[in-house]
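Worksheet for the structure shown next.
Computed from a predicted structure; not experimentally measured. Naming: A, B, ... by sequence-line order, numbering from 1 per chain.
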There are 2 protein chains.
Amino acid sequence: MNDLGGVEVAVSPKDKFREFLETRSKRLTTERATLVEEVFAMHEHFDTDLMVARLANRKDGRSVSRSTVYRGLTELVEAGLIRRVARTNGREVYEHDYGYPEHDHLICSKCQKMIEFRNTEVRRIIEAIAREQGFQLSGHRLEAQGLCSDCGRPRRHRKLDMI
Amino acid sequence: MNDLGGVEVAVSPKDKFREFLETRSKRLTTERATLVEEVFAMHEHFDTDLMVARLANRKDGRSVSRSTVYRGLTELVEAGLIRRVARTNGREVYEHDYGYPEHDHLICSKCQKMIEFRNTEVRRIIEAIAREQGFQLSGHRLEAQGLCSDCGRPRRHRKLDMI
DNA sequence: ATGAGTGCAAAAAGTTTGCACCGCT
DNA sequence: AGCGGTGCAAACTTTTTGCACTCAT
């Protein structure tokens, strides 16, 4: 049993990845294994750049090239292990999808902070609508934009923008 | 009074754009006027490329350069006239935000078709959650992925992929 | 004269891909 | 021998930006 931040899962991400790869006659190579490990060693959101950087800093030297990271993250998405949650600063942002409860995000337009929230109602509504439309739902992405409590608070000691 | 596909609005998009521009000491130039016109002459979703193409095909020859279209669409978003709804094939997809009722989308992962749906519950839930978090909501984007009824239907006469 | 605006071409930035070599996770 | 896999660098896409010139919505 693995504990992935609140939810227990019987099969490790790595195993799940291997299973997926097998269905495509692909192999769980050292690089792919290193990637899953690194991805699931992290519980925050991340983008490709951050992942490449973390892989470059491993003490065991098992680095993975940028191309392979791109290819691997796509596979992980297809495998249902991670998902693309949002897009910040022009980059795709990822998070765990496996072993992590479904949730959505409030994203601050100013500081880009992402606040997770969980609400089963939203999903239920989407499911109902999909059913009505004969649409085979596979996932969703809900991002609410606005200002977080820090950025939205009117400041009295506002710094001047000019010199 | 203008009719924008179901909702009547007192001020035309162009006027609203002009008002917005004034608050930034910007002018409603010929190019910007042409762009708003073209954007609101269209009732479907569009991306920058399509808009550039349509502008290039105007019979009155009032074309607008690609850079100006990019700059202008950003301004239109800031003005609240259009919004970025989704991202398909690596491109941002836009739609009217002004004079058009709030809604969300089901997006087919195969043919990219976008099906609009309206549901006030979703918005209400997001508002409640934002309130709880002291988050100043400005908008949201909800895209559900899956297969549309056409693409999801199992085909018996499936064409072979090879030659 | 002035400040904003445009178009062009070049630059960014993120992501994908062709290819030669590698290796059996 | 075979097929998938990797890394590198080059290519590609979309979007942004520097700049010189224009214009007055």
Side-chain angles (χ1 to χ4, degrees), chain A residues 12-39 46-53 55-56 58 60-79 84 86-94 112, chain B residues 11-38 46-53 55-56 58 60-79 82 84 86-94:
Chain A
S12 74
K14 193 188 286 192
D15 286 341
K16 227 202 147 199
F17 194 27
R18 195 200 324 271
E19 284 169 21
F20 166 81
L21 290 167
E22 269 166 14
T23 70
R24 307 248 190 146
S25 349
K26 291 181 171 183
R27 303 166 191 151
L28 179 61
T29 59
T30 311
E31 287 81 359
R32 291 207 259 240
T34 309
L35 178 61
V36 211
E37 261 176 43
E38 199 67 47
V39 163
F46 64 92
D47 59 27
T48 309
D49 235 52
L50 175 58
M51 197 41 66
V52 169
L55 286 162
R58 286 178 69 102
D60 63 5
R62 289 206 279 153
S63 74
V64 180
S65 77
R66 180 169 290 269
S67 324
T68 300
V69 173
Y70 270 107
R71 289 189 272 237
L73 290 179
T74 301
E75 290 163 346
L76 285 172
V77 168
E78 291 167 347
R84 303 195 164 99
R87 171 164 269 258
T88 315
N89 302 324
R91 291 176 190 169
E92 215 60 53
V93 177
Y94 297 87
Q112 314 290 343
Chain B
V11 185
S12 75
K14 194 188 285 192
D15 287 341
K16 224 199 151 204
F17 194 26
R18 195 200 323 271
E19 285 169 20
F20 166 81
L21 290 167
E22 269 165 15
T23 70
R24 306 248 189 145
S25 346
K26 291 182 173 182
R27 303 166 191 151
L28 180 61
T29 58
T30 311
E31 286 81 359
R32 288 192 179 117
T34 309
L35 178 61
V36 210
E37 261 176 44
E38 199 67 47
F46 65 91
D47 60 25
T48 309
D49 233 52
L50 176 58
M51 197 41 66
V52 169
L55 286 162
R58 286 178 69 101
D60 62 6
R62 289 206 280 152
S63 74
V64 181
S65 78
R66 180 170 290 271
S67 323
T68 299
V69 173
Y70 270 107
R71 290 190 271 238
L73 290 179
T74 301
E75 291 163 346
L76 285 172
V77 168
E78 291 168 347
I82 61 177
R84 302 196 166 98
R87 173 163 268 260
T88 315
N89 302 323
R91 291 175 189 171
E92 215 60 52
V93 177
Y94 297 86

note: A:E37, atom CD; C:dT25, atom C1'; distance rounded to Å ~ 12 Å
When every non-hydrogen atom of B:M51 is compared with those of B:F46, the smallest separation belongs to CE-CD1, 3.7 Å
Identify the heavy atoms of B:F17 and B:G72 that sit nearest to each other, and give their distance. CZ-O, 4.5 Å
Whole-Å distance, A:E75 CD to D:dG4 P, equals 13 Å
Using a 4.0 Å heavy-atom cut-off to protein, can you give one letter per nucleotide of nucleotides 12-23 of chain D, 5' to 3': B if the base is in contact, S if only the sugar-phosphate is, - if neither? --SBBBB-----
Sorted by chain and number, sequence neighbours left out, salt bridge (Lys or Arg N to Asp or Glu O under 4.0 Å) with B:E92 holds for B:R87, B:R141
Can you tell me the distance, in whole Å, between the CD atom of B:E31 and the P atom of C:dA4? 17 Å
Show which side-chain atoms of residues 27-37 of chain B pair as donor or acceptor with protein atoms under 3.5 Å away, not counting sequence neighbours.
unit_1, atom_1, unit_2, atom_2, d
B:T29, OG1, B:R32, N, 3.2
B:R32, NE, B:E75, OE1, 2.9
B:R32, NH1, B:R27, O, 2.5
B:R32, NH2, B:E75, OE2, 3.0
B:T34, OG1, B:T30, O, 2.6
B:T34, OG1, B:R62, NH1, 2.9
B:E37, OE1, B:R58, NH2, 3.3
B:E37, OE1, B:R62, NH2, 3.2
B:E37, OE2, B:K14, NZ, 3.0
B:E37, OE2, B:R62, NH2, 3.2

For A:D49, what residues pass the salt bridge (Lys or Arg N to Asp or Glu O under 4.0 Å) criterion, not counting sequence neighbours? A:R66, A:R91
Taking only side-chain N and O atoms of A:T68, does any of them lie within less than 4.0 angstrom of OP1 or OP2 on D:dG7? yes
With sequence neighbours excluded, tell me which residues meet side-chain contact (heavy atoms from CB on, under 4.5 Å) with A:S63. none
Does the side chain of B:S65 get closer than 4.0 angstrom to OP1 or OP2 of C:dG7 through an N or O atom? yes
Pairing of DNA chain D as dot-bracket, 5' to 3': ( ) intra-strand, [ ] crossing, | other strand, . unpaired, with Watson-Crick or G-U pairs under 3.5 Å? .|||||||||||||||||||||||.
Of all heavy-atom pairs linking B:R84 and B:Y94, the shortest is NE-OH, 3.3 Å
